[in-house]
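Here is how names work: the chains are called A, B, and so on, in the same order as the sequence lines, proteins then strands, and each is numbered from 1.
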Amino acid sequence: MNYTTIITDVLVVGAGLAGERAAIEAASHGLDVIILSLVPPRRSHSTAAQGGCQAALGNCAMGEGDSTDIHFNDTVKGSDWGCDQDVARLFVETAPKAVRQMALWGVPWSRVVAGKKVLPDGREIEDKKEKEGLITARDFGGTAKWRTCYTADGTGHTLQYAVDSVVIRLGITVHDRTEAISIIHDGETCLGVVARCLRTGELRIYLAKSTVIATGGYGRLYGASTNAIINEGTGMSIALDTGIVPLGNMEAVQFHPTGMVPVWILITEGARGDGGYLLDKNLHRFMPDYEPVKKELASRDVVSRRMIQHIRKGLGVDSPYGPHLWLDIRHLGAKHINTNLREIKNICMNFNGIDPVKDLIPVRPTQHYSMGGVRTNIDGAAYGLKGLFSVGEAACWDLHGFNRLGGNSLAETIVSGWIVGRKVADYTRGAELNYSYSLVQGFARKQQERIDKLISGLTGRENVYEIRREMEQTLMDYVAIFRNGPDLQKAVDKFQELHRRSQKIGLRSGGKWANPELTAALRLPGMLRLALCISYGALTRTESRGSHAREDYPKRDDVNWLKRTLAYWKEGADLPELRYEPVKITELPPGDRGYGESSASAAGGNKAN
Amino acid sequence: MQAHKLVTRNPRAELYYDLVELLTGVMLVGFLWTHMIFVATILLGIDVFDALSRALDDYYLSYTGIPIIILVFIMHVLTAGRRIPTRYQEQKVIWRHAKMLGGTDTWIWVFQVITGAAIFALASIHMWTVITGWPIRAVTSADRMHAFWWFYLVLLLLGEYHAGFGIYRQFVKWGWFPRKPLGYVTKMITAIILTLGLAALWVMYKLGGAV
Amino acid sequence: MNKQRKFSIFRYNPNTPEIKPFMQEYVLEEVPGMTIFVALNKIREDLDPSLMFDFVCRAAICGSCAMVINGKPRLACKTLTSDLKGTITLMPLPVFRLIGDLSVDTGTWFRQLSLKTEAWIHSEKKFDPEAVEDRMDNRIALEIYEAERCIECGCCIAGCVTANIREDFLGAAGINRVARFMVDPRDERTPKQYFDVIGSDEGAFGCMGLMACDDNCPMQLPLQSQLAFVRRKMLAYGLWGK
């Protein structure tokens, strides 16, 4: 059987902000670009980022004196020195330009309004007349200045719509409801992907001189995640399946402090940035007890851990969904909540029947972001295969190290999309597409065999949804905010068992056409391999760094662990192969973050183990 | 060039249709409401009614007004009627849609189309009988209404309904007033005019029976 | 013991036209806080893994999950089953091409809409990476955002009589999209250019003022005033050329 084959210069897998931005850059260099996406571009999870986008513009009163150097320091500290400092430098220098470019493309950034204002904590500030009308910013966790540019409560939405409008203007082809299920390569060069149409179920072959993975994170491996349900790490998993391309720092998983109980929808950091408090069951504002300087606005990993610590002291609010804490924004006033934080209000009303103008919001740290991903160099080129690139959350470009700052992910999408898009264009213009027909058909046939086997029902009777639920629960129980050796070992064992069982899935619904059960069954084994990369990487890393907090190794260990995990998966293996590479330190040597529990003692390295 | 002009429609044609629909609609509503108030003068007595009718004749208001109203009426039928789904397929869609959504406004529109078509027929008959029985006097009107009260009852209800919601919809479309209070006000006016109309019809019916 | 809820769900797969559309019934236990999102996933995972429907963000942000719920176009993710009476009937949105069961192709429709209305900033300005951004009054930024909030879920289109009859009607989403660019000082289009796009029955004048769009919008966009704003703009250009 022959498959429909589509040939293009650049193939972008994923139509979120990073993917579309890269596609635009490649297309405006005269290249043919096709974007594949699980959903129409404007449904991408990028639209859900309400809070904002960091860029050192220094326009608002509290951002005065900001610079790319300060942004750089915040980012490196936030990453707990896990990030690549060349990348961080490139990023902070480009972010202001990218934000201004977005203004030209149509993002209605909120602007500076001159005049005196009183902050919720009583401080009085004044926005100057000469700055009026320039792009303003709000406060976010882990930043020394107010640097997070925003559009009221819909920053991601307006960015995605602006970028997609340019994609449409340029006439870039988008094949939505299409899932890349395998990367085609010859061991040295990436040739494209095998994709499954989610309308008809047919397999198609896409061949391209360069392929860009921009599929976002894997949040939905976890049972409680703020992520959209499409965030299942599909792009990372097909990259891993090549056996040659490594995933970087998969154990670095961010939990957002304020997922709303029990639906786990994100309450944006803007709520705390604008002055919201965290309260315990006695309605006591506890964060200043732990973090006297940054209070609620320490970095996300720190606030999340403090919250769990506080809950473990028995000070959480009991509920049928487990203990939680309260987020209090009532003192910000109805006017502020109804305009700048309207989306929060809508979410509270629609999904919980509460009104944040009058009521407290039940919150708990919830899986939010994957710092890890397809390991690339500073140009966005994946390790291991020529012609394969990756951007955005799917990538480990390594801007975020072990903890991403709020507002740095939206900024990363438009910055890395721009930079990597140009590198993709440079590479593609000098590249040729040489492929063997039988090799390409072989990749498609292999996927067809997987599908046929699942449809035949001869391999087993395992239920895809049951295995999935066990995976979600295991990650929540053993590979979440606080981790320890025995639990992580349990998780690894469990995932190995589930991975074996996932080879024996039996469909209950025929699996023909765009059958959703088949879609899930095709993804699940790859998701379990990602879960193994996360848990095995976490088990092996015997230190605490950023979001990776080991109870048995509570200190950061720069002597032994100032390095990045690279996880490879050889065909037929039942565990990833872990290798390590040094983290590039150029400007800012490891030191004290200025917040968090281990930072003070970790300065200068810790030799506890 | 000439041929080109013929085949390309005026780009503003649809704006003009829409405007004509609006203006003729507003004029017809104005006429209808005035008309009903005039008819309701019967509540003040036969003499008042006849005096008003004579005055309108004396100042030629009837002779100029009626042809204009007929013209406006026809223009309204043509412009508003362009929206009526002509194909059976489209009509089916509307019905299914109104039933599915149960949205009040959608049902009102379905009725608007039906009442519009009915008014077109009934009002034409009404105008014909009035003009052929010229001049308008309380006695002749009363006789007509006594004999055909059911005809006038139906026309009154349809007319007021169509006018009330028609004017509401135009204001909504052009956004001159907020929707909710606007609906309330048009309903109030319609109720008042309807009450006047019903009262006049009752008096006329009684009068006609007496002669 | 929680209440049992009956669901009546539209089933049809265009790939198998020999099986005619039908309504299928499922019974589920109603848990507290259950939304249609929770219910449909439960049905798929426990009762019928072949059932097709779309969700992405499940937080009323992405616009993927609009469907006709007990006769009204709504976002399934933010519809609580406890707010619905009796049997819960789920139908796919009309107007849009059916992909299967409750899943419809809004993506293609809205991309067409963007192309027809040229829904991007038209500007001759070249980007200068070293320059400070152009200033904008924050009030204008908020005004743009108010229209920009549309999530293209299709509820306004599905509920619109005109859109159901006329394939080429842009609907409230389309007209609102144009309004968004009209208030944006960065867009250099002239009134004539806008008139060419929506000064017809395909656009502003196709609206019959039934306002199902305004009633059904899950984002509570002020669609009535947006439609009226555009209509008046079209009038101003059509009569006075400005």
Side-chain angles (χ1 to χ4, degrees), chain B residues 9-23 25 79-80 82-113 116 165-180 182-183 186, chain C residues 10 68-74 89 91-95 155 158-167 169 175 179 192 195-216 222-239 241:
Chain B
R9 59 182 185 85
N10 181 342
R12 290 179 200 176
E14 280 152 4
L15 164 66
Y16 296 148
Y17 290 147
D18 206 69
L19 270 181
V20 171
E21 183 191 335
L22 164 70
L23 295 174
T79 50
R82 82 184 198 282
R83 298 193 189 279
I84 299 175
T86 44
R87 290 191 358 246
Y88 170 68
Q89 202 57 36
E90 293 173 350
Q91 288 169 4
K92 244 178 37 182
V93 170
I94 299 274
W95 275 109
R96 201 190 56 214
H97 196 78
K99 272 191 270 183
M100 174 188 90
L101 294 176
T104 351
D105 280 30
T106 306
W107 275 117
I108 291 171
W109 186 78
V110 171
F111 289 134
Q112 197 75 348
V113 173
F165 284 110
I167 195 89
Y168 157 77
R169 177 145 305 114
Q170 285 298 344
F171 279 113
V172 162
K173 280 202 289 193
W174 290 94
W176 291 310
F177 300 102
R179 190 144 74 101
K180 298 273 136 73
L182 185 67
T186 47
Chain C
F10 177 87
V68 178
I69 302 172
N70 282 1
K72 291 242 185 284
R74 309 174 67 156
T89 307
M91 304 277 286
L93 288 189
V95 182
C155 285
C160 173
V161 170
T162 313
N164 273 269
I165 310 174
R166 294 188 59 133
E167 224 172 83
F169 183 52
I175 297 167
K192 179 181 184 311
F195 191 89
D196 291 344
V197 174
I198 45 164
S200 66
D201 279 358
E202 206 177 293
F205 304 123
C207 166
M208 301 192 293
L210 309 187
M211 292 300 134
C213 54
D214 197 74
D215 292 336
N216 291 327
L223 291 175
Q224 188 219 336
S225 54
Q226 294 286 44
L227 291 170
F229 164 75
V230 171
R231 187 182 275 267
R232 293 198 302 267
K233 281 270 186 189
M234 292 302 101
L235 178 74
Y237 172 74
L239 293 188

**Request:** Identify which part of C:Phe229 has an atom lying under 4.5 Å from any heavy atom of chain B, answering side chain, backbone, both or neither.
**Result:** neither
**Message:** So, taking the atom named CG in B:Leu22 and the one named CZ in C:Arg231, what distance separates them when rounded to the nearest 0.5 Å?
**Reply:** 8.5 Å
**Prompt:** What residue in C:Asp196, C:Leu227, C:Asp201 has the most heavy-atom pairs under 4.5 Å with chain B?
**Reply:** C:Asp201
Work out which heavy atom in [X] is nearest to a heavy atom in [Y]; give both atom names and the distance.
X	Y	result
C:Leu239	B:Leu15	N-CD2, 4.4 Å
C:Met208	B:Lys173	C-CD, 3.7 Å
C:Arg232	B:Trp176	CD-NE1, 4.0 Å
B:Tyr16	C:Gly238	OH-O, 4.0 Å
B:Arg169	C:Gly209	NE-O, 3.2 Å
B:Arg179	C:Asp215	NH2-OD1, 2.5 Å

Is the closest side-chain heavy-atom distance between [X] and [Y] below 4.5 Å?
X	Y	answer
B:Gln112	C:Leu210	no
C:Met234	B:Asp18	no
C:Asp214	B:Val172	no

**Request:** Look at B:Gln170, B:Arg82, B:Glu21 and state which one has the largest set of heavy-atom pairs under 4.5 Å with chain C.
**Result:** B:Arg82
**Asked** B:Phe177 versus chain C, heavy atoms under 4.5 Å apart: side chain, backbone, both or neither?
**Response** backbone
**Message:** For C:Phe10, I'd like to know if atom CZ has over 12 heavy atoms of other residues, nucleotides or ligands within 6.0 Å.
**Reply:** yes
